[in-house]
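Scroll down for the structure; my scribbles are underneath it.
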Amino acid sequence: MDFVSVSVLSGPSSRRIAATEFRRAARACRVGLQRTNAVKDLSLEPIATAAVEREVDATRGGTDAMPLQRIVAELGLPSEPAAVLIGSGQNSVAYELDGRILRLPRHCGAERDLVREAAALRAVRPLLPVPVPDLEVRRIDGQFVSLHAKILGEPLSDLTGLRIGAQRVLAADLAAFLKALHSLPIDSVEAEPAEASSSEWNGLLAQCEAVAFPLLSPDVVTGLRKRFSDFLATCDALPQCLIHGDFGTGNILVDRGRLSGVIDFSGCGPGDPAYDFASLAAGLGDPFVDLVLAHFSPDTAARDRMGFYRMTFPLLDILYGVENRDPETVRAGVHAFAA
């Protein structure tokens, strides 16, 4: 999740942010992007977490803003107007200043994600039909930071105000973007050999058996196990292409009804193209995604996989909520299976 899209950090929006971050962590295992020399010397301990927390507190009215001020000065950015906090989550804290987005990862895993994202963007940016972030990644006083120009547009949160004709135009824009991305050679983004897809999904199933399934009704769990079983029987032979990996509403920017940019490529790598469509459908619904799919030729199997991937999203919400003692996110995930 690129924090350009974040402005509210409580209530339903915070649940979506938290769930997105947890889904990214799960997807990162499947993507398996190669670690670069730039991060090989990082320790496994969280970096500068306390400093980042102080920066968030300072932006919200505290007094200890020196770490952020030093970073701004080192980057050669103006100190006025002051940086505006636009997002804070488990992985990163982010600010907008002088028309740029400054992001500070909270721990070494987020640092590695940031370096891999920058590498992926360098590879795919010239070949995509809309702007994507051009990340500059640096280490300042022991803190990794990234900086990029803010892209025109606002996150596509829903379809409110878009009549069917405008929806078709936007759907065509999204289809053109996905066609361009999915047609790029997988080796456009450096990747190391990943373990079999079935191994990763079996790992998720084991987590669900231990944590999520006990919170759901027996009938629901029986159905979920059947869907996992059906998927696992074929997942190692699925088509692979270069996917975005988190093609949800918060990462799609729109200006005057047209696609103006796409952000957050931390999950970009080899994967099943149906995953990107599932992420889109989870935010905007099946009728709109049908408008996008009209520009493709998905078969029944692809649509079935889209449904399976969407089913895993609330399961990941439950896992995140339990791990982070967030009962609201747990309830939201459980509720998704009660409808």
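These numbers come from a predicted model, not from an experiment. We're numbering straight along the sequence, starting at 1.
Ion pairing of R116 with D113 is present here, as a side-chain N (NZ or NE/NH1/NH2) and a carboxylate O approach within less than 4.0 Å. The pair R168-D173 fails the salt-bridge criterion, with no side-chain N (NZ, NE, NH1 or NH2) lying under 4.0 Å from an Asp/Glu carboxylate O. One finds a salt bridge joining D290 and R303 here, because a Lys/Arg side-chain nitrogen approaches an Asp/Glu carboxylate oxygen to under 4.0 Å.
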For this session: Could you please spell out the steps behind the side-chain contact (heavy atoms from CB on, under 4.5 Å) verdict for V289 and M306?
Result: CA-CA 11 Å; V289 172; M306 287 171 54; 4.0 Å; yes
Problem set entry | Working for side-chain contact (heavy atoms from CB on, under 4.5 Å), residues V137 and F144 | CA-CA 7 Å; V137 179; F144 256 54; 3.8 Å; yes
For this session: Applying salt bridge (Lys or Arg N to Asp or Glu O under 4.0 Å), run through E117 and R122 and close with a yes or a no.
Result: CA-CA 9 Å; E117 181 179 3; R122 282 195 298 272; over 6 Å; no
Exercise. Step by step, would you call T312 with W201 a side-chain contact (heavy atoms from CB on, under 4.5 Å)?
Worked result: CA-CA 10 Å; T312 67; W201 287 102; 3.8 Å; yes
For this session: Carefully, step by step, assess V262 and L253 under the rule side-chain contact (heavy atoms from CB on, under 4.5 Å).
Result: CA-CA 6 Å; V262 177; L253 303 181; over 6 Å; no
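Here L68 contributes atom CG and L104 contributes atom CG; the two are 7.0 Å apart, rounded to the nearest 0.5 Å. Separating the OG atom in S146 from the CD atom in E136 is a distance of 9.0 Å, to the nearest 0.5 Å. If you take CG on L170 and CD1 on I252, they are separated by 7.5 Å, rounding to the nearest 0.5 Å. In this structure, Q143 CD and R70 CZ are separated by 11.0 Å, a value rounded to the nearest 0.5 Å. Here the straight-line distance linking atom CZ of F231 with atom CG of D272 works out to 6.5 Å at 0.5 Å rounding. Of the inter-residue distances, the one linking T249 atom OG1 with N251 atom CG reads 8.0 Å to the nearest 0.5 angstrom.
Under the 4.5 Å side-chain criterion, counting only non-hydrogen atoms from C-beta, V211 is not in contact with E323. The shortest side-chain heavy-atom distance between L97 and V84 does not fall under the 4.5 Å cut-off. L232 places a side-chain heavy atom less than 4.5 Å from the side chain of L205. The shortest distance between side-chain heavy atoms of H148 and R100 does not fall below 4.5 Å. Side-chain contact between S92 and H107 is absent, with no heavy-atom pair separated by less than 4.5 Å. L316 has its side chain within reach of L204: a pair of non-hydrogen atoms, C-beta onward, lies under 4.5 Å apart. Counting heavy atoms from C-beta on, the side chains of N202 and F228 never come closer than 4.5 Å. The side-chain heavy atoms of I101 and Y95, taken from C-beta on, include no pair separated by under 4.5 Å.
A donor-acceptor contact shorter than 3.5 Å is absent between the side chain of S188 and the backbone of L184. Although no hydrogens or angles enter the test, the distance criterion places no donor-acceptor pair under 3.5 Å between the side chain of R103 and the main chain of L147. A donor-acceptor distance shorter than 3.5 angstrom exists from the side chain of D158 to the backbone of T160, with no hydrogens or angles considered.
Neither side chain, D236 nor S197, offers a donor N or O lying under 3.5 Å from an acceptor on the other. Counting only N and O atoms by type, the side chains of D276 and H182 include a donor and acceptor under 3.5 Å apart. Using modelled atom types, one finds no donor on one side chain facing an acceptor on the other under 3.5 Å when comparing S217 with D219.
Taking all atoms of both residues into account, the shortest heavy-atom contact from L162 to G257 is CD2-CA, 4.5 Å. Nearest heavy-atom pair across G333 and D317 is CA-CB, 4.2 Å. Closest approach of S157 to L284, counting heavy atoms only: O-CD2, 4.5 Å. Smallest separation of non-hydrogen atoms from A302 and A274: O-CB, 3.9 Å. Taking every heavy atom of both residues into account, A94 and L85 meet most closely at O-CD1, 3.4 Å. The shortest non-hydrogen separation linking N91 to A110 is O-CB, 3.3 Å.
The hydrophobic cluster containing Y309 also contains V220, counting ILVMFWY residues as joined when their side-chain heavy atoms lie under 4.5 angstrom apart, directly or transitively. A single hydrophobic cluster is not seen to contain both L156 and L152; linkage of ILVMFWY side chains at heavy-atom distances under 4.5 Å, directly or through other members, places them apart. F265 is connected to L127 through a chain of hydrophobic side-chain contacts under 4.5 Å among Ile, Leu, Val, Met, Phe, Trp and Tyr, so both are in one cluster. A chain of hydrophobic side-chain contacts below 4.5 Å, direct or via other Ile, Leu, Val, Met, Phe, Trp or Tyr residues, connects F288 to I164.
Two rings, from F296 and F277, have their centers less than 6.0 Å apart. Under the 6.0 Å cut-off for aromatic ring centres, F308 and Y275 do not qualify, their centroids lying 6.0 Å or more apart. Within the 6.0 Å centre-distance limit, the rings of F177 and F247 are counted as a close aromatic pair.
Pairs engaging residues 87-97 under the salt bridge (charged side-chain N to carboxylate O under 4.0 Å, His left out) rule: E96-K150 [sequence neighbours left out].
In this structure, the side-chain hydrogen bond (donor to acceptor under 3.5 Å, both in side chains) partners of E209, at least two apart in sequence or on a different chain, are R225.
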